[in-house]
Amino acid sequence: MSTALVILAAGKGTRMNSDIPKVLHPIAQAPMLVHAMRAGAVLSPERTVIVTGHGSEAVAKAAADEDETAQIAIQEEQLGTAHAVGQARDALDGFSGDVVVLYGDTPFLQPDTLERMIAARAENDLVILGFEAADPARYGRLMMDGETLERIVEFKDASDEERAITFCNSGLLACNAQTLFMLIDAVGNNNASREYYLTDVVEIARNRGLQVTAVACDEEQTLGVNSRADLAVADAVFQARARTELLELGVTLMAPETVYLAADTIIGRDTVIEPNVVFGAGVTVESGATIRAFSHLEGCHVSRGAVVGPYARLRPGAELAENTRVGNFVEIKNAEIAEGAKVNHLSYIGDASVGAASNIGAGTITCNYDGVMKHRTTIGENVFVGSNTMLVAPITLGDGAMTATGTVVTRDVEPDALAVARAKQDNKLGYARKLFDMLKAKKARRDKGA
Ligand code: UD1
Ligand code: MG
């Protein structure tokens, strides 16, 4: 049976206190919505429909970045969850499989939960995902009769007796598309909130003799994000899971709780990650690399056997080949460092390529920006760049070239040539003493006068 996802994401998210639509707030550097889309992707959906209202343009863009086939349905007014699902009707025109409804602010669903819902759908017309709530608070309550789900009662409309029930509604459901829209058509808004409740489809289905059941998952999976505090909790949950996965994959994390990961971080086995390392989006670290303490990586690729840090910053487009070294207080941006090359101390390498086995001395800077445009620096193989060299781009250093310490390189350097561009040294004998004496006398006069 083919499936379609409908992801509800039109809510205002008032409690986020934000100009950004709630579902675009990031967890581990990826919008919440993207986490929900990835969770749903295990069902290989034939169609994905995002129902959006507030900030729909930005939401549509984030959805398209993740899946260009995702469709957008606009809910102009937020009249309730049933009304929201109703907005997906046009996008699902001609689709006759199962619809799975997810929330865009519920990022932690596990693949097997959705698979269990689909499996239960085979024997039921409608399947709801429930969970035992530690604190049922304001969740809708699931009224079970054996295996059959008879009704969902929203907290606002529940009696004290019903509020005592702890089996709660996650909001997710699975149902055949035609059946679902037929049920939604029958939903009214005669309740405490004057909203069209999606939860009402259960009772309507039962009244029509349809089979309805609930599948349970643990509460963590249904964790919804409504506030910044929830967002922080969600991020922490994500981090804990991702660290555990890496440890199981054979990555050493010396102090796991201090390593911050992104949703798309890829790290190969036998890599060692020292404490206090931050991974931004788009990082791949191959097997057997070492990322030393206090390094910050984003949009970069680190190959086998490379050693990065401590205190290194790899920015987007940093491409480190095998057995490279990038040391302390070095920033690399949009630059390829070829096999065995070393940039060990206090350097900025941007918009550049560094050839194999070259050595970049301490304090080297690629002067890539003239205030208007960016320019490239090309460094050949086996080049020795002396400490404190300024490479004024665009510039090329041929294979085997060398620059003298303190050189400002403004012309290309031929292969095997030595570039020296600095003022000649002149040692004035006795001058240091004279200067000291003069300064001390000046200070003494000033102190006396004061
Ligand atoms: C809903 C359920 C409740 C369940 C809870 C789980 C209903 C009536 N109630 O309540 O049983 O326990 O979720 O978290 O469904 N949305 C729209 N358009 C709307 C309204 C909501 O897109 O008009 C979206 C929201 O952005 C959100 C989701 O639907 O992603 C749920 O809406 P929310 O207002 O949070 O519902 P709850 O009151 O929490
Ligand atoms: Mg909610």
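Atom CZ of F95 sits in a crowded spot, with more than 12 heavy atoms from other residues, nucleotides or ligands closer than 6.0 Å. The local environment of CZ in R269 is sparse, with at most 12 non-hydrogen atoms from other residues, nucleotides or ligands closer than 6.0 Å.
The pair K424-D426 does not meet the salt-bridge criterion, since no charged nitrogen lies less than 4.0 angstrom from a carboxylate oxygen. In this structure, R116 pairs ionically with D112, as a charged nitrogen and a carboxylate oxygen lie closer than 4.0 Å. The pair E298-R315 fails the salt-bridge criterion, with no side-chain N (NZ, NE, NH1 or NH2) lying under 4.0 Å from an Asp/Glu carboxylate O. Using a 4.0 Å cut-off between a side-chain N of Lys or Arg and a carboxylate O of Asp or Glu, K61 and D65 qualify as a salt bridge. The existence of a salt bridge linking E336 and R376 is confirmed by a sub-4.0 Å separation between a basic side-chain nitrogen and an acidic carboxylate oxygen.
The OG atom of S96 sits 7.0 Å away from the CE atom of M1 when rounded to the nearest 0.5 Å. In this structure, the separation between CD on E274 and CZ on R292 is 4.5 Å, given to the nearest 0.5 Å.
For residues 231-255, every residue pair satisfying the salt bridge (charged side-chain N to carboxylate O under 4.0 Å, His left out) rule, not counting sequence neighbours, is listed here: E220-R241. Legend: salt bridge (charged side-chain N to carboxylate O under 4.0 Å, His left out) pairs involving residues 340-369, not counting sequence neighbours, sorted by first then second residue: K333-D351.
A donor-acceptor pair is defined here as one N or O able to donate and one able to accept, closer than 3.5 Å; such a pair exists between the side chain of D412 and the backbone of T396. Side-chain atoms of S347 come within 3.5 Å of backbone atoms of H345 as a donor-acceptor pair (strictly under, hydrogens ignored).
Side-chain contact, T366 with N368: no donor N or O sits under 3.5 Å from an acceptor N or O. Side chain to side chain, N226 and K22 meet the donor-acceptor criterion of an N or O pair below 3.5 Å. Side-chain contact of E286 with H301: a donor-acceptor pair under 3.5 Å is present, judged by distance alone. Using modelled atom types, one finds no donor on one side chain facing an acceptor on the other under 3.5 Å when comparing T364 with T389. Between H54 and Q78, the side chains place a donor N or O and an acceptor N or O closer than 3.5 Å (distance only, hydrogens not considered). A donor-acceptor contact under 3.5 angstrom links the side chains of N427 and Q425, judged on distance only.
Nearest heavy-atom pair, T403 versus L418, reported as atom, atom and distance to 0.1 Å: C-CD1, 4.1 Å. Closest of all the heavy-atom pairs between C168 and L142 is O-CD1, 3.5 Å. Contact between I337 and T324 at its shortest, heavy atoms only, is O-CG2, 3.6 Å.
Looking at residues two or more places apart in sequence or on another chain, you find no ring-ring contact (aromatic ring centres under 6.0 Å, His included) involving F279.
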Test D437 against R433 for salt bridge (Lys or Arg N to Asp or Glu O under 4.0 Å), laying out the working first.
CA-CA 6 Å; D437 289 347; R433 168 154 304 184; 5.4 Å; no
Please test E322 against S303 for side chain to side chain donor-acceptor pair (under 3.5 Å), starting from the C-alpha separation and ending with a verdict.
CA-CA 5 Å; E322 294 191 13; S303 302; 5.9 Å; no
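The six-membered or imidazole ring of F131 lies near that of Y139, with a centre-to-centre distance under 6.0 Å.
A cation-pi geometry, defined here as NZ or CZ lying under 6.0 Å from the six-membered ring centre and within 45° of its normal, holds between K440 and F436.
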